[in-house]
Amino acid sequence: MTDIPKTYDPQQAEQSHYARWEGEGYFAPEINKDPKAPVFSIVIPPPNVTGSLHMGHALQHTMMDVMTRHKRMCGYRTLWLPGMDHAGISTQLVVSRELKKEGLTRHDLGREKFVERVWQWKADSGGQITRQIRREGASVDWSRERFTMDEGLSRAAREVFVRLYEEGAIYRGTRIVNWCPTDQTVLSDLEVEKTPQRGQLYYLQYPVKDNSHRLTVATTRPETMLGDTAVAVNPDDERFRSMVGQVVLLPITGREIPVIADEYVDPEFGTGAVKVTPAHDPNDYDMGVRHNLPRVFVIDQNARMTADAGPEFAGLDRYKAREKVIEKFQELGLLEKVVDYEFAISKCERCKTVIEPLISTQWFMRMDQMRDLALDLMRKERKPRFVPESYERVYTNWLEDLRDWTISRQLWWGHQIPAWYDEAGNVYVAHSEDEARQKSGTDKLTQDPDVLDTWFSAALWPFSTLGWPDETEDLRTYYPTSVLVTARDIIFLWVSRMVMEGLKFVGRTPFHDVFVTGTVLDKHGQRMSKTKNNGIDPLEVFDKYGVDATRLALASIGAADTRWNDKQVESYRNFANKIWNAARFCMMNAEGAESVADPFAGDHANLPLHDRWILSRLNKTAGGVNAALDNYQFHEAVQTLYHFFWDDFCDWYIELTKAIVIAEEVSPERNVARARLIWVLEQSLRLLHPFMPYLTEELWQRLPVKHQELLHPAYAGATTSIMLAAYPQSELQLIDEQGESEIDRLKTLISSVRNIRSEINIKPGDRIPVLIREANTNMRAMFEANQDQIARLTRASQVSIARELDPPKASARAVISGSGEVVIPLEGLIDFAQESARLSREKEKLQTEAAKLAGQLANADFVKRAPAEKVEELRARADEIKQHITALDQMLEALK
RNA sequence: GCCCGCUUGGCUCAGUGGUAGAGCACUCGCUUCACACGCGAGGGGUCAGAAGUUCGAAUCUUCUAGCGGGCACCA
């Protein structure tokens, strides 16, 4: 077995296992043969078919895979369903950009050819994403992979559209919307981002008709004045009371427009008078509706001025028009002033173009009914449960404020709206063109050219992927899903909409829990983004440190934002190597282990201390990890495993058992010790598997154990893999507090000797005698039983244990407990002053603590009000310190 | 403007009412027969500031400051 390399090679382990797992069908829930098995299911938040996976995906996928593998090993019927989103705008943009390189636009190809081209592109890009998901080790069921534009999911989208239309919740209407002049489509409010913008506030004077007064308005968009149809003031504003009802002459155009009074106007801002452009501003639009104002359209869909803007302006870009309007006002002497001003501007989330509010005919979804379903669910059942809890309020507040959703998009890539128009313009909404023909009684129909917002189909994802609208077995079994893992930026766009649609169409919440992960930031605390080009490619990290190490680093992030640092991954890479080498040691000393049928058979009370101890630690670890995972405390699970494996198993258990394990002479004791070592290792690998699938499988397959027997009963008969082994659970009867405290004492002894050796600069190779005084009979027996281990780990020439000692003056000494001390005779080596100083330092520390405790115990209120056990605990500690100090004093005295 | 989160050793972060933790970095010593991606021994923090609740606060409450995020129609 010495053919195992000294360093773990992740690339090697990552090569073959995934294909085998997938090929054997381990990822599919059908692998579970227990008809009564509980169900655990997750649908993946479908990555956009554009772009490759980033750190955020790797983070979420790690969490989901850890949970899925954990539940699978616990015997759950487990489904993690993968898939992708067609990402309407993004994808259309990417493919359009490709076409541009060939000197073409989508219009050159025409709709059909263009969509064909996108499908081609999707095959390629989608393949890249699925390869990346495989590389992550994600145990998704590829046999159930879905894409939002699949026929099944498209059918679900049409079904929802038709039903909502028939109920009147989807309607066609004309109103002011967010228009992106670059992408040439309408956008929902959520796809618009507000960014601070430095600009100017222009004070324009409008002459009042019939007198020489001028009314000054302030605006950030002077070009829209060409479309003004009123000036508004607050009805309570004394300054303008006489103006209301008067008429002003709109400069440049010469149009006459009224002065109106409206509550919306804030007298404090600007001049207190607002120009009103109902056709090009959402607030003015509302005022226009209230006052029945005419709409003058002066900007078109390309953000250029229309003919109605006047001959001098027609065809000008909106910014050119702005300059020209200002010039004109200046010439006319009507430009009062221009001041610098910072305000929020709306931009297209995708292309960052400034949004142009336009009046347009679109499809909308009324949200009130579904919103109430979701709010009711939260109020009555507190579902879904958000982790961390604080997102519950974010979600609820947003829902309470919900407005109608603009669902149509002027794109070609997406689900075309299932609405047809006859020649008279009547609309027929149907599942298919055939149905529309029947409804209309004509076949001269034209389908609405628009497509649905990408989020329309994404909102159906938890049930459309499971076969809805059909009542499928999958839908019955896996819906509602157990948990949704997502980033916080799509709680509104996606999470809330899934809840609403799930409640509306399936009648139940789509997921019980929502785990909102933190964000991976760059090392300066900035969000990673394409524009900043500060993203870290998970694939590069995989290559450098291995997938398993990266997964551990990601799992440690949990719900809080964290700055990425390679050092962290490096330390987990080292951990992986540590596991590799511990296993290597076990396997180098495995001979004879297989002859032991059950390494821990018989009465556990008769086991050697270190064996009882490691079983206790192992069971506490299993308990801690299971509890942590059930509560989404991934970081805690990782820490628990890390310290159990490295500190308990490697640093102490292997070292304590090593002497027997590596004995040259073959003996039953040696074989048993070897079998126990391998047994504990095997259990540890299982505990680690959800986090480190590749390494653990690689090692597990090499272990000389009866693999088939280790599988969870639900997977009996499957070919063997650690991913189907039973996840260790905590067995309370194996927890041994007494044993743990004895090992603690042993560790203190060994550490004390090592400390002395180090402080007195005893060469590592020098063997020294170790004398132990121990008054407690049980402890003395424990030290005696572990004499060989003590000798080995302290590099002692001899270890003597006695009830009483008469240490030579030239000794280094340390207190182990109230009842014991360790003495190292150092004739000729010891510097009395130095030794004295060392002991005094220790005494000082203890005195500080003693003083604190004494103060607390002297406080009558504390003794009276604190729980009795707490008081007792402090008293015991105070006594111990007292004894400790007494022992130190004796030692100091002896040095004089 | 409103809401939320964060502020703990040099760095990145855990902890969340009862004696301050980890990893990395740092210091010293080590080819100790699994591992130098290692082993052993150390040093280092008035837990952002103030007030309050409590026998006791890094932990709960309020306020302040700094940073980050979300929401909002102020032209």
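The structure displayed is predicted, hence computed values, not measured ones. Order of the sequence lines sets the chain letters (A, B, ...), proteins ahead of strands, with each chain counted from 1.
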Point to revise | Between P of B:G40 and CD of A:E655, the distance in whole Å | key: 8 Å
Practice item. Measure centre to centre between the rings of A:Y545 and A:Y572, then say whether the value is under 6.0 Å. Key: no
Review point. Counting just side-chain N and O atoms, does A:R393 come under 4.0 Å of either OP1 or OP2 of B:C4?
Key: yes
Point to revise | Among B:G18, B:C55, B:A41, the nucleotide that comes nearest once only the side chain of A:R754 is considered | key: B:A41
Check your understanding: For B:G10, does either OP1 or OP2 sit under 4.0 Å from a side-chain N or O belonging to A:K567?
Key -> no
Revision key, fill the gap. Regarding the side chain of A:K578, the nearest nucleotide among B:C39, B:C55, B:C37 is B:C39
Point to revise | Side chain of A:H643 - closest among B:A20, B:G23, B:G18 | key: B:G23
Review point. Looking at the side chain of A:F862, which of B:A34, B:A41, B:C55 is the nearest nucleotide?
Key: B:C55
**Study point:** Side-chain N or O of A:N574 closer than 4.0 Å to phosphate OP1/OP2 of B:C35
**Key:** no
Review point. Nearest of B:C30, B:A41, B:G38 to any side-chain atom of A:W646?
Key: B:G38
Practice item. Provide the Watson-Crick or G-U wobble partner of B:C63, both distances under 3.5 Å; none if there is no partner. Key: B:G49
Check your understanding: Under 4.0 Å between a side-chain N/O of A:S751 and OP1 or OP2 of B:A41, yes or no?
Key -> yes
Exercise for review: Starting at atom CD1 of A:I579, determine the distance to atom P of B:A34, rounded to an integer number of angstrom.
Suggested key: 18 Å
Each nucleotide N or O in nucleotides 73-75 of chain B that has a protein N or O under 3.5 Å away: list the pair and distance.
from  : atom 1 : to     : atom 2 : distance (Å)
B:C73 : O4'    : A:N283 : OD1    : 3.3
B:C73 : O2'    : A:N283 : ND2    : 2.9
B:C73 : N1     : A:N283 : OD1    : 3.3
B:C74 : O2     : A:D266 : OD2    : 3.2
B:C74 : N3     : A:D266 : OD2    : 2.6
B:A75 : OP2    : A:Y341 : OH     : 2.5
B:A75 : O2'    : A:A218 : O      : 3.2
B:A75 : N6     : A:D266 : O      : 2.8
B:A75 : N6     : A:F269 : O      : 2.8
B:A75 : N1     : A:D266 : N      : 3.3

Check your understanding: Looking at the side chain of A:P867, which of B:C35, B:G18, B:U12 is the nearest nucleotide?
Key -> B:G18
Review point. Using 30° and 60° as the class limits, which term best fits the ring planes of A:Y642 and A:W646: parallel, tilted or perpendicular?
Key: tilted
Exercise for review: By nearest nucleotide on RNA chain B, pick out whichever of A:S556 and A:K658 is the more 5' one.
Suggested key: A:S556
Check your understanding: Among B:G40, B:C37, B:G15, which is the nearest nucleotide to the side chain of A:R573?
Key -> B:C37
Check your understanding: If you take atom types as modelled and just measure distance, does the side chain of A:R584 reach the base of B:C35 with a donor-acceptor pair under 3.5 Å?
Key -> no
Review point. For the side chain of A:I654, counting heavy atoms from C-beta on, which of B:G40, B:U19, B:A34 is nearest?
Key: B:A34
**Study point:** Between B:C3 (P) and A:E392 (CD): distance, integer Å
**Key:** 18 Å
